[in-house]
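Written below as C-alpha cells is the structure these notes are about.
Quantities reported herein were computed from a predicted structural model and do not represent experimental measurements. Sequential numbering from 1 along the given sequence is applied to the chain's residues.
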Amino acid sequence: MKKIKAKSVALITFTFVGSYATLFIIFPFTYWRDYVHLPALRIWADVLTNLIFCAVLFELSLYIDRKLNKRIPWMLHPIKRLLTQTLFQILGVLFLVFCLAVIYVIIYLLFSDAINAHYPYVGLRETVYAFLSIIFWALMISALNTGDFLLRNWKTATMQAAEFEIKAAQNKQLAAETELQALKLQLDPHFVFNNLSVLSELILRDQQLGYDYTENFAKVYRYLLVNAKKELISLREELKFLDAYLFLINYRMGGGSIFRVNIDRSKLDMLIPPVTLQLFIENALKYNRTEKENPLIIDIYTTDDEELLVSNNLLPLIKKPESTGIGLENIVSRYALLSDRKPVIEKTDNTFTIKVPLIK
C-alpha cells in the first residue's frame, strides 16, 4: 500500500513539474515577466490549482486504465486498446479543462471586486499549445501507468511460468520415481516363481545340496530386498550377487549353460541398476535351449567404452514362450529414467547381445 502511494505521489509530482516546464517553453518571456509581478496570493492560488488539476488528471487517467483493463485487455486487443485509451484520455482532458474553466468563471464573477490584478495577456496560439500540452501529459501519465501495469504483469507471468516449470519438473521426477519403483516391484515375483519349485525338489533329493541352494537363494533374495529402493548400485556389488545367482542357475538348469565372466577391475566401482544381470540372464534362458551336449554360452564382460555386455549364442526353442514384457523392457525403461545413454540390443544369426552403459 505504501509503495502504491509513493508511486502516485511521484507521478503527480512528475506531471506537475513537467507541466510547468512545458508552460515555460510555450509562453513567451513577456508573459512570465508580467506573471511574476502578480500578487503572491494569486500566484500561490495558480500553483495550488495546477497541483490539484494534475492530481485529478492523474486519478482520471488511472480510472480510465482500470476500466479498460477489464473490458479491453492489452494482451487480447492491443491496437483497439491503444486507440480507445487515447480517445478516452483526450475526452477526459476536455472534460477537466471545461470544469476548470467553469470554476474560474464562477470565481471571477463572485470575487471580481476583490481581484485588482489581471493575468498577463494570453493569445489564441498559446492557449491551443497549452491545451495540447495538457493532452500530452495526460497521455504521458497513461503511458507510464500502462508501462508499469505491463511490467508487473510480465513479472507475474514470468514467476508463474517459473513456478509451473518447477512444478512440472517435480511432477516429472515424482512420476519417474513412481515408475521406477513400479518397475522394481516386477522383479520379485519374476525371481521367486522360477526358484521355489526347484528348491522343494532339491531338498527331497539331496539335503546338503538343498541347504546350499537355500543359502544362495537367501543371499540372492536378501540382495533384492536390501537394494529394492536403490536406483543404482556398483558393479562390484552386482557381481557378488551374480555369484550366488549363478549357483542357483547351474543347479536349476542342470548344467546346460556356461557362464563366462570377464570384468575389467577398473570398472568395478561404476554403477548399474540393481539386478540388471539377473534380468539379462533370465532373458537368455527363457528364449534358448539349455542342453549339455550343446550348452547355452553366456558371456558377461566390459569394454573400453564403459559398457557392460551380456552376449549369448542362439539356440532358439521350437515353441517360443509368450513375452511378459518384464525382462529387457524393464531395463530399457529404467535406463530411460536414470541416464541419457540407452541400452543397445544387437542380434545376428548366431548371437544375441545386450549393451548397457555403466554410469559414473
Test log, rule side chain to side chain contact (heavy atoms under 4.5 Å, CB included), inputs Leu317 and Asn288: CA-CA 5 Å; Leu317 297 170; Asn288 293 278; 5.8 Å; no
Working for side chain to side chain contact (heavy atoms under 4.5 Å, CB included), residues Thr84 and Leu87: CA-CA 5 Å; Thr84 305; Leu87 175 62; 5.8 Å; no
Could you report the tightest heavy-atom contact between [X] and [Y], atom names first, then the distance?
X	Y	result
Pro273	Tyr335	CD-OH, 3.5 Å
Pro343	Val356	CB-CG1, 3.9 Å
Glu238	Ile233	OE1-CG2, 4.0 Å
Phe259	Ile249	CZ-CG2, 3.4 Å
Glu307	Leu309	CB-CD1, 3.9 Å
Tyr223	Pro274	OH-CA, 4.2 Å

Test of understanding: clusters of I, L, V, M, F, W, Y form through side-chain heavy atoms closer than 4.5 Å, transitively. Do [X] and [Y] belong to the same one?
X	Y	answer
Ile258	Ile263	no
Tyr301	Tyr245	no
Phe280	Ile345	yes

With a 4.5 Å limit on heavy-atom distance, are the side chains of [X] and [Y] in contact?
X	Y	result
Ile272	Leu358	yes
Ile281	Ile300	yes
Leu239	Leu268	yes
Ile297	Arg260	yes
Leu285	Thr290	yes
Asn262	Asp299	no
Val344	Ile354	no
Phe241	Gln278	yes

Would you compute the distance between atom [atom1] of [X] and atom [atom2] of [Y] and round it to the nearest 0.5 angstrom?
X	Y	atom1	atom2	result
Arg289	Leu296	CZ	CG	10.0 Å
Lys347	Asp349	NZ	CG	9.5 Å
Glu215	Phe247	CD	CZ	10.0 Å
Leu242	Thr276	CG	OG1	11.5 Å
Lys267	Lys360	NZ	NZ	9.5 Å
Tyr213	Asp206	OH	CG	13.5 Å

Leu232 and Ile359: CA distance, side-chain angles, deciding distance, side chain to side chain contact (heavy atoms under 4.5 Å, CB included) verdict: CA-CA 9 Å; Leu232 296 167; Ile359 302 173; 3.7 Å; yes
Ile79 atom CD1: more than 12 heavy-atom contacts under 6.0 Å: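 Atom CD1 in Ile79 is not packed in, count stays at 12 or less.
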Heavy-atom neighbours of Phe352 CZ exceed 12 at 6.0 Å: yes
Derivation and outcome, side chain to side chain donor-acceptor pair (under 3.5 Å), residues Tyr287 and Glu282: CA-CA 9 Å; Tyr287 293 99; Glu282 287 282 357; over 6 Å; no
Full working for side chain to side chain contact (heavy atoms under 4.5 Å, CB included) between Thr302 and Met270: CA-CA 11 Å; Thr302 54; Met270 300 191 76; over 6 Å; no
Pair Asp264-Ser266, side-chain donor/acceptor within less than 3.5 Å: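 There is such a pair (donor and acceptor under 3.5 Å, judged by atom type) between the side chains of Asp264 and Ser266.
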Identified side-chain contact (heavy atoms from CB on, under 4.5 Å) partner of Ile298 from the options Val261, Asn313, Asn312: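 Checked Val261, Asn313, Asn312 against Ile298; only one passes side-chain contact (heavy atoms from CB on, under 4.5 Å): Asn312.
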Short side-chain to backbone donor-acceptor contact, Asn250 and Leu246, under 3.5 Å: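 Pair found, side chain donor or acceptor close to backbone of Leu246.
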Lys355 with Glu346: basic N within carboxylate O range, under 4.0 Å: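 Yes, charged N to carboxylate O under 4.0 Å.
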